[in-house]
Structure formats: structure tokens, C-alpha cells
Number of protein chains: 2
Amino acid sequence: MNSDNVNIITGNSKILRGIHRAMILNIIREMQPISRSNIAKLTGLNKSTVSSIVSEILNEDLIFEQESADQNVGRNPINLFLKLNKYHVGAINIDSSITRYAVADIDGSIKGEAIIDTDSKNPEKFVEICIIELLKLCNKLNLDGLKGLGVNIAGIVDSKNLIVNFAPNLGWEDFNIGEAIRKVLPNIKNISVGNDAKSSALAELWFGNHKIDLSNFVFLSIGPGIGSGIVVENKLMNGEYQASGEFGHMIIFEGGDLCTCGNKGCWEAYASDRAIVSQYLTKKSDKLEHNVDFMAQDIIDMAKKKDELSIEVLKQTGFYLGLGIANIIKAIDPHAIIIGGKITQVWDIIYPEILTVVTQRAYFGRKIIIKILPTSLNVLPSLLGAATLAIEEIFDGFKIIS
Amino acid sequence: MNSDNVNIITGNSKILRGIHRAMILNIIREMQPISRSNIAKLTGLNKSTVSSIVSEILNEDLIFEQESADQNVGRNPINLFLKLNKYHVGAINIDSSITRYAVADIDGSIKGEAIIDTDSKNPEKFVEICIIELLKLCNKLNLDGLKGLGVNIAGIVDSKNLIVNFAPNLGWEDFNIGEAIRKVLPNIKNISVGNDAKSSALAELWFGNHKIDLSNFVFLSIGPGIGSGIVVENKLMNGEYQASGEFGHMIIFEGGDLCTCGNKGCWEAYASDRAIVSQYLTKKSDKLEHNVDFMAQDIIDMAKKKDELSIEVLKQTGFYLGLGIANIIKAIDPHAIIIGGKITQVWDIIYPEILTVVTQRAYFGRKIIIKILPTSLNVLPSLLGAATLAIEEIFDGFKIIS
DNA sequence: TGATTGGTTTGTTTGGGCAACCAACAAATT
DNA sequence: AATTTGTTGGTTGCCCAAACAAACCAATCA
């Protein structure tokens with residue numbers, strides 16, 4: 001019983017109203033068009049309560065009504081929809097070499113997107129540049145004022161205090177990014193900062209197009225390294241020190257290959273883009289330095305064109321991916337594992353390998369095969385994730401701690 | 001937004017009352033003696049609200065008042081205490097070879113305890129025997145009627161539907177233990193069934209004596225195998241198929257030693273009591289069959305007496321424990337890891353080994369050393385865990401789903 | 001074909017219950 | 001007198017149940 005928890009409940013009793021408001025808003029978002037009556041059935045709330053809350057949200061201009069003619073007997077329902085082209089959020093995804101930024105609507109649709117090179121030497125300065133570019137994009141799109149801003153970083157991020165604890169690829173440590181943002185954007189309401197893989201999980205949860213239940217799942221982001229976001233009962237698991245889900249550095253082969261973290265046998269050393277490249281180069285007996293991002297894409301492209309060596313390397317990667325996934329399944333026992341990254345382009349090559357290993361390793365006593373799927377997002381998950389961080393604030397906008 | 005979640009909120013709005021009732025009851029339990037005024041400060045609730053709820057709980061006879069003379073100015077507070085020797089629960093812990101049962105008070109104190117051999121061939125029959133023995137114990141202790149019953153099993157248990165999905169050591173599969181219990185005890189109010197390691201985590205959370213915050217931690221139960229319970233934000237993480245925390249079968253050494261599950265390189269094959277015994281026997285060149293439980297205890301006893309080989313084997317075990325713990329830290333990022341099992345008897349031997357490995361492996365970018373501690377319970381954690389399952393029901397007794 | 005009526009569904013209004021809050025007050029103690 | 005604890009009475013706000021109004025379909029009848 002820590003006092004944090006206590007405060008969530010207490011304060012004023014509008015909380016219940018807030019929870020219901022968020023519930024209804026989310027139902028509209030996910031199931032639109034939907035009627036008040038239908039919402040009442042889904043939530044179990046009384047019709048009058050739903051009406052009251054809906055009229056509040058209507059006043060906030062987050063949704064709108066539209067008459068409908070349905071085929072059923074009885075009075076026709078009034079359909080409710082999210083109101084688009086009204087509120088927008090900014091999204092910035094800072095990666096080791098490339099930074100993407102975008103403006104998104106509250107349904108997660110990207111209104112505009114652009115790229116700049118990451119220059120991480122001076123963090124404050126770079127953040128300022130990103131925001132200025134983002135505002136330029138807003139102007140170009142003829143949008144006034146952003147309702148919120150979400151920023152994603154490949155590293156360990158304290159989302160509560162808006163601090164980048166540790167981002168080895170950027171060389172940032174204990175960087176107060178919240179302050180840096182607020183210096184440039186003093187008037188913006190909601191600022192959120194997160195880890196890229198965790199936010200990707202959030203994007204999948206909010207805007208994914210899967211037909212399966214995503215209340216318990218793990219999102220795996222396969223890039224140069226491996227990141228992840230764990231969702232348990234519809235909530236992102238953050239970890240005591242914001243560092244949960246660092247499966248990339250989980251040891252699967254004690255004493256094995258060297259990882260960038262200095263240890264040996266990390267999963268990342270076997271199943272990341274970097275591992276793909278290094279395995280390929282080893283087999284080619286090529287020892288030159290290459291850019292991981294481009295080279296990994298090259299190998300994937302070659303595999304698509306049936307290049308045998310590339311396919312062999314990717315199959316091997318699939319095997320190692322499966323090993324780690326089996327471990328994740330045993331640890332977390334999720335309902336699904338969703339994978340994002342370049343390798344999803346060659347899903348037909350890697351998935352059979354993953355499945356074989358997972359079935360062999362993770363099913364001692366299990367009767368149900370856990371779904372392993374590529375991301376359903378057609379935007380870069382981490383960029384949409386940054387937007388989701390901001391959108392989330394709008395939807396659950398009532399502050400739980402008053 | 002699944003409908004399960006929705007129903008938690010809905011129904012009738014007494015939920016808030018229920019949550020506050022549970023909060024207050026738990027505060028009294030953990031911090032007694034405590035005054036109404038103090039509770040109000042801790043929870044942020046209004047004094048009058050606290051008074052109202054406290055008087056309800058007084059009527060239920062779960063707590064009692066006692067005048068106090070404190071040193072401060074002003075009216076002296078009326079101290080509140082849990083009322084003991086009033087309500088009791090039964091606890092049964094079914095292990096592969098030995099079954100323990102006990103009667104406990106609502107503060108987790110064991111009133112009486114006994115042991116029988118496990119006979120798992122006929123599950124219904126064995127459950128019946130256990131309960132009859134437990135009732136005999138009640139009689140002997142002069143206690144009338146149990147307020148609840150908690151049963152622990154080493155295996156995957158569906159706590160919601162009271163079904164043992166898979167308990168390899170007992171040979172039970174899809175056994176409806178709830179029905180079996182209810183056949184013998186048709187009148188008992190609360191029946192709870194759980195996994196032994198998960199329940200142990202619960203026992204540590206409720207009745208542990210640590211001075212650290214336990215809202216996020218992992219309990220590791222080191223026995224013949226390795227089980228675990230993950231607590232996130234004061235809640236046990238169950239897993240989609242009740243199988244979370246199966247770290248024992250996490251692969252840490254692909255292609256390594258054979259595990260009882262049929263795979264190679266599982267953590268359990270390196271860091272369990274069974275591993276201790278097999279490593280000891282290998283070094284002794286002894287190939288005979290031994291009872292794992294007794295033999296592991298023997299090795300530990302020898303180590304206490306400075307037997308070099310035993311110490312060497314245990315140190316080795318510490319090293320492997322550390323490897324797995326490092327992986328758990330990376331996966332879950334808990335605030336602490338609490339370890340239960342025979343090996344905690346030789347904590348001074350294994351802890352330095354664990355700490356070395358963990359510091360080396362799990363601290364890429366970490367600034368805070370995660371606490372790794374032996375269990376603070378002086379009873380068998382899984383037996384107290386079984387009791388906790390039942391006590392939990394009393395304290396959160398209002399049914400959230402109406 | 002057009003009007004009427006019954007049945008159905010949606011959404012609103014109204015009155016009441018309950019939980020929590022606030023402020024004033026009583027009680028007990030330094 | 002000052003301070004702290006706990007209670008009481010009144011108020012607010014949220015939700016619910018039930019009645020009601022509105023809108024629509026379908027069957028029926030003139």
C-alpha cells in the first residue's frame with residue numbers, strides 16, 4: 001500500500017466520472033460509429049449516465065453526432081463519431097541516426113511527416129531544432145496550435161519526470177528533456193516522453209488493426225538492437241526504474257557472442273538487425289564497417305530476390321528470435337507477441353522458423369499456441385507511438401491526481 | 001477495451017466504498033496501531049469518511065478500538081487494531097512429495113500446522129483427505145468454522161475457475177479442484193486456489209517483514225525446480241493463461257544441460273535444488289538415484305560445516321542464480337527480488353556470487369542496485385501463501401463484480 | 001394509397017440513494 | 001488557551017431506476 005496508489009483514488013470523487021468519460025471516449029474511438037444506447041449496453045452504465053457523459057464530451061468538441069437510418073425497428077440511433085481535423089498532436093521519434101517527426105490527428109492518422117538527421121551532440125539544441133521543424137510542418141499543413149506533443153527516444157526514459165535517464169546510442173544521460181521542450185514550447189498543454197519500443201506497443205494497442213484481443217501482449221521492436229513494450233491488462237508495464245522489457249540484453253547463450261553492452265550471449269547479439277549484418281558478413285568473410293540500417297535492408301532485399309545466403313542468415317535469425325520469444329512467453333505469458341522492424345518484410349521467411357522453435361521450447365504444459373504476428377501498423381510504429389503518447393493524454397485527459 | 005474490464009467499474013457504485021474499505025483495512029493491518037485521524041491523513045480521505053467506514057468495519061468485528069495515551073498535545077487518538085482469534089482460514093500446500101496444511105489467523109500467524117505425504121494418484125480423494133485432516137486440526141485447536149480456505153499447488157492453476165491446468169509433478173491435468181473442495185466443504189464461503197510460487201509472493205507482500213517497498217518485486221521460489229511470482233503495482237501478475245513467471249524454463253544456455261521439461265539449457269537445469277544435487281553427484285562421480293529434497297538439504301548442511309565441495313557447488317549455483325536473476329531484472333525491472341527456498345540457509349555463501357554476476361550483467365545504464373534478499377518469512381512461504389490467498393478474500397471481501 | 005395503431009428502440013427527464021466532502025463542534029489533553 | 005481527535009449535520013455530485021418523449025417499422029384497415 002504505497003501512497004501513490006492511495007492518491008489515485010482519493011482527492012475528489014470526480015474520478016469515477018473521469019474513468020467513465022475515458023471509457024466512453026475509448027469505446028467511441030474504437031467502435032465508431034456507435035450509439036449512446038449501445039455504449040450503455042457495452043459498459044453496463046445506465047443510459048442516462050451515458051447520455052450525460054456523452055453530452056459533456058460533445059461540448060468538448062471531441063466527438064460529433066450524425067443521424068443514421070438503420071434497418072431495425074424502433075427509433076434510429078444517433079451515431080457518434082470522433083471529430084477529426086480539429087485537434088492535432090505533434091510526434092517526434094529520435095533514433096540514433098535519423099529523427100522523424102509528424103503531425104497526427106486524434107485517430108492516429110498522420111497528417112504530415114518528415115525526416116532530419118539526428119545530431120545528438122547538443123541535446124537541448126537538437127530538441128529545439130526538432131520542434132522548430134515540427135512547427136514549420138504545422139504551418140505548411142495550415143494547422144493552428146498543437147494540443148499535445150509526444151517524443152520517443154531509444155533509451156530508458158522517465159516518463160513521469162520527462163527525463164532521459166540513459167540513451168547509449170545518443171550518448172544522452174540524465175537529460176531533462178521536458179525542460180528543454182518547455183523552453184521552446186512554454187504554452188503547450190501536454191508533453192509526453194517515452195521509450196520507442198514501449199510507445200510502439202501503445203500505438204499497436206490504440207491503433208492496431210488486429211482482430212485479436214490485445215489486453216495482454218508484448219511488442220518487440222527489432223532494429224539494430226531489440227526493444228520491447230509489455231502490455232498487461234491494457235496498461236503499459238513501465239518497471240520500477242522505467243527499464244522493463246529490456247529483453248535485448250537477456251542472456252540466452254551464456255559465454256556466447258559479444259554484445260554492444262559488453263556482455264556475452266545477449267539475445268540482441270543473435271537476433272537483431274546488427275546480428276543479421278554481422279552474420280552475413282562473417283559468412284561472406286567480409287570485415288569492413290557497414291551502416292547497420294542500410295546493410296540490413298540490403299540483406300532483406302536480397303532475400304526477397306531469393307539470394308540463398310541472405311535467406312540462410314534470416315532463417316538463422318528467425319531461429320534465434322524464436323528462442324528469445326520462447327523466453328518471453330515463459331516470463332510474461334502474454335496473449336500475443338507483435339513484432340515490428342525491417343524483418344517483418346520477410347515474415348514468410350522468418351515466421352516458420354520462429355514458430356518451430358517456440359512450439360518446441362515454450363509449450364511444456366501449454367495447450368494454446370500464443371499468437372506471433374507482425375505489426376498491423378502501416379506507419380513506423382515508434383513514430384505513431386510518439387503521437388499515441390500525446391493522444392493518450394487527450395483521451396484520459398482528466399488528471400487522476402488532482 | 002474488453003468487457004471484463006468494463007464490468008469491474010460498473011454495476012453499482014458501492015465500488016468506491018469497497019475500495020476505500022479495503023484500503024483502510026489494509027492500512028490498519030499493516031500499520032496498527034493507528035488512529036482514524038492518521039488513516040485520513042494517509043489516504044487523503046476526509047475524516048468523516050474514514051470514521052464512517054471504520055465504524056462499519058467495527059461492526060463486522062474485524063477490528064477493535066483501544067484507548068491510548070500518546071505524548072502529544074491534544075486529544076489522544078483511539079487506536080485501531082485487527083481483531084485476532086476471531087476469524088481463521090485454512091491453508092493447504094500440496095507439493096510433489098509432502099503436503100502441509102495449517103490454520104492461520106487473519107494477521108497471517110499460524111495457529112497450527114501439520115504434514116502428510118502427498119498421494120496424487122486420485123486427486124479428488126487426496127483433496128478430501130487433506131480437508132478432513134485440516135478439520136481435525138481445527139477441532140484440536142478448538143476453533144469453530146473456517147472463514148476461508150486457500151490451496152496451493154506446484155503447477156499452473158486457473159485461480160478464477162479453480163482448476164489445476166497442469167501440475168507435472170503431481171500428474172494432474174485439467175483437474176477441477178474447486179468442485180472437489182466444494183464437495184467436502186459445501187458451506188465454506190471463500191475458496192481460493194493458486195500456484196505455490198505466486199502465492200509465496202503474495203505472502204511476502206502481505207506479511208513480509210522487509211523495510212523496503214514491495215509494490216514491484218519478484219519472488220523466486222528455489223526448490224527442485226524454480227517458480228516465481230511477479231508483483232507489479234501491488235498486484236500479482238497472472239498471465240493470460242495463468243502461466244506467467246515460468247522463469248525456471250527460461251533458456252540461458254542454448255544447447256546446454258538437459259532439463260526435466262525435455263529442453264536443454266533451461267535456468268532450472270543450472271540453479272535449482274535438483275541442479276545442486278546433480279552437480280554435486282557429478283563431481284563426486286556418483287551416479288545413484290537420490291531424493292532431491294533430502295540430498296539438497298544434506299549438501300547445504302555440509303556447506304554449513306565448511307565442506308569444500310559443497311561450498312563450491314553452492315557457489316556455482318549462486319553464479320547461475322545470478323545469471324537468471326539478471327535476466328529477470330532486465331525483463332521486469334522490479335524494485336526487489338526476494339528469494340525463498342532451502343538455499344537461503346546459506347545466503348552468505350550464495351549472495352556474493354549472485355551479486356557479482358548481477359552487477360556485471362544487469363547494470364548497463366542502471367544506477368540503482370536492485371535489492372536481492374532472502375525471504376523475510378519465518379514460515380514456509382508457500383504454506384503462508386495458501387493462507388494469504390484466503391485472507392486476501394476476507395480483506396477485499398466485497399465482490400467487485402456484483 | 002394513405003391513415004391508424006401497436007410494438008420497438010433510442011434518448012431524455014426526474015426523483016432518489018449513496019458516498020464523500022466541508023464546516024462547525026464536542027471531547028480530551030498539554 | 002492551544003491543539004488534536006473524532007462526530008454531526010448539511011451539501012454536493014455521481015449514478016441509477018423508472019417514467020416519458022421521440023422516432024421508426026410493420027401490420028392493418030379504409
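Letters A, B, ... are given to chains in the order of the sequence lines, protein chains preceding strands, and every chain is numbered from 1.
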Least distance between heavy atoms, B/Ile28 atom then B/Ile39 atom: CG1-CD1, 3.9 Å
Without decimals, in angstroms, what is the distance between B/Ile24 CD1 and D/dG6 C1'? 14 Å
Donor-acceptor pair present, B/Ser48 side chain and C/dC22 base, under 3.5 Å: yes
Closer than 4.0 angstrom, basic N to acidic O: yes or no for B/Lys86 and B/Asp61? yes
Go through A/Glu240 and B/Lys371 one step at a time and tell me if the salt bridge (charged side-chain N to carboxylate O under 4.0 Å, His left out) criterion holds. CA-CA 12 Å; A/Glu240 178 79 17; B/Lys371 290 166 190 73; over 6 Å; no
Any idea which heavy atoms bring B/Ile110 and B/Val379 closest together, and the distance? CG1-CG1, 3.9 Å
Heavy atoms within less than 4.0 Å of DNA chain D: which residues of residues 31-39 of chain B have one? Give them sorted by number. B/Ser35, B/Arg36, B/Ser37
Do the rings of B/Trp206 and B/Phe395 sit parallel, tilted or perpendicular, given the 30° and 60° boundaries? perpendicular
With B/Glu56, which residues qualify under salt bridge (Lys or Arg N to Asp or Glu O under 4.0 Å), at least two apart? B/Arg17
With the threshold set at 4.0 Å, does a side-chain nitrogen-carboxylate oxygen contact exist between B/Lys147 and B/Glu393? no
Nearest to side-chain heavy atoms of A/Leu45, which nucleotide of C/dC21, C/dT10, D/dC16: D/dC16
B/Ser51 vs D/dT7: side-chain N/O to OP1/OP2 distance below 4.0 Å: yes
N-O pairing of A/Glu65 and A/Lys83 below 4.0 Å: no
Roughly how far apart are B/Leu205 CG and B/Ser215 OG, rounded to 0.5 Å? 8.5 Å
Please give, in whole Å, the distance from D/dT5 P to B/Glu65 CD? 15 Å
Options D/dG6, C/dC22, C/dT10, nucleotide nearest the side-chain atoms of B/Ile78: D/dG6
For nucleotides 21-23 of chain D, list the nitrogen or oxygen atoms of the protein found under 3.5 Å from its nitrogen or oxygen atoms, one pair per line.
{"from": "D/dA23", "atom 1": "N3", "to": "A/Arg75", "atom 2": "N", "distance (Å)": "3.1"}

Where the side chain of B/Thr49 is defined as all heavy atoms beyond and including C-beta, which of D/dG6, C/dA20, D/dA17 is the nearest nucleotide? C/dA20
Rounded to the nearest Å, what distance is computed from the CE atom of residue A/Met23 to the C1' atom of nucleotide D/dC15? 13 Å
Any A/His20 side-chain nitrogen or oxygen under 4.0 Å from OP1 or OP2 of D/dC15: yes
B/Lys47 NZ to D/dT4 P, straight-line distance once rounded to whole Å: 11 Å
Measure the distance from CD on B/Glu56 to P on D/dT7 and round it to the nearest whole Å. 14 Å
Just the rounded figure in Å: distance from C1' of C/dG11 to CD1 of A/Ile53. 15 Å
In whole angstrom, give the distance that lies between atom CG of A/Asn46 and atom P of C/dT14. 16 Å
So if I take every side-chain heavy atom of A/Arg17 and compare against D/dC15, C/dC21, C/dT12, which nucleotide ends up nearest? D/dC15
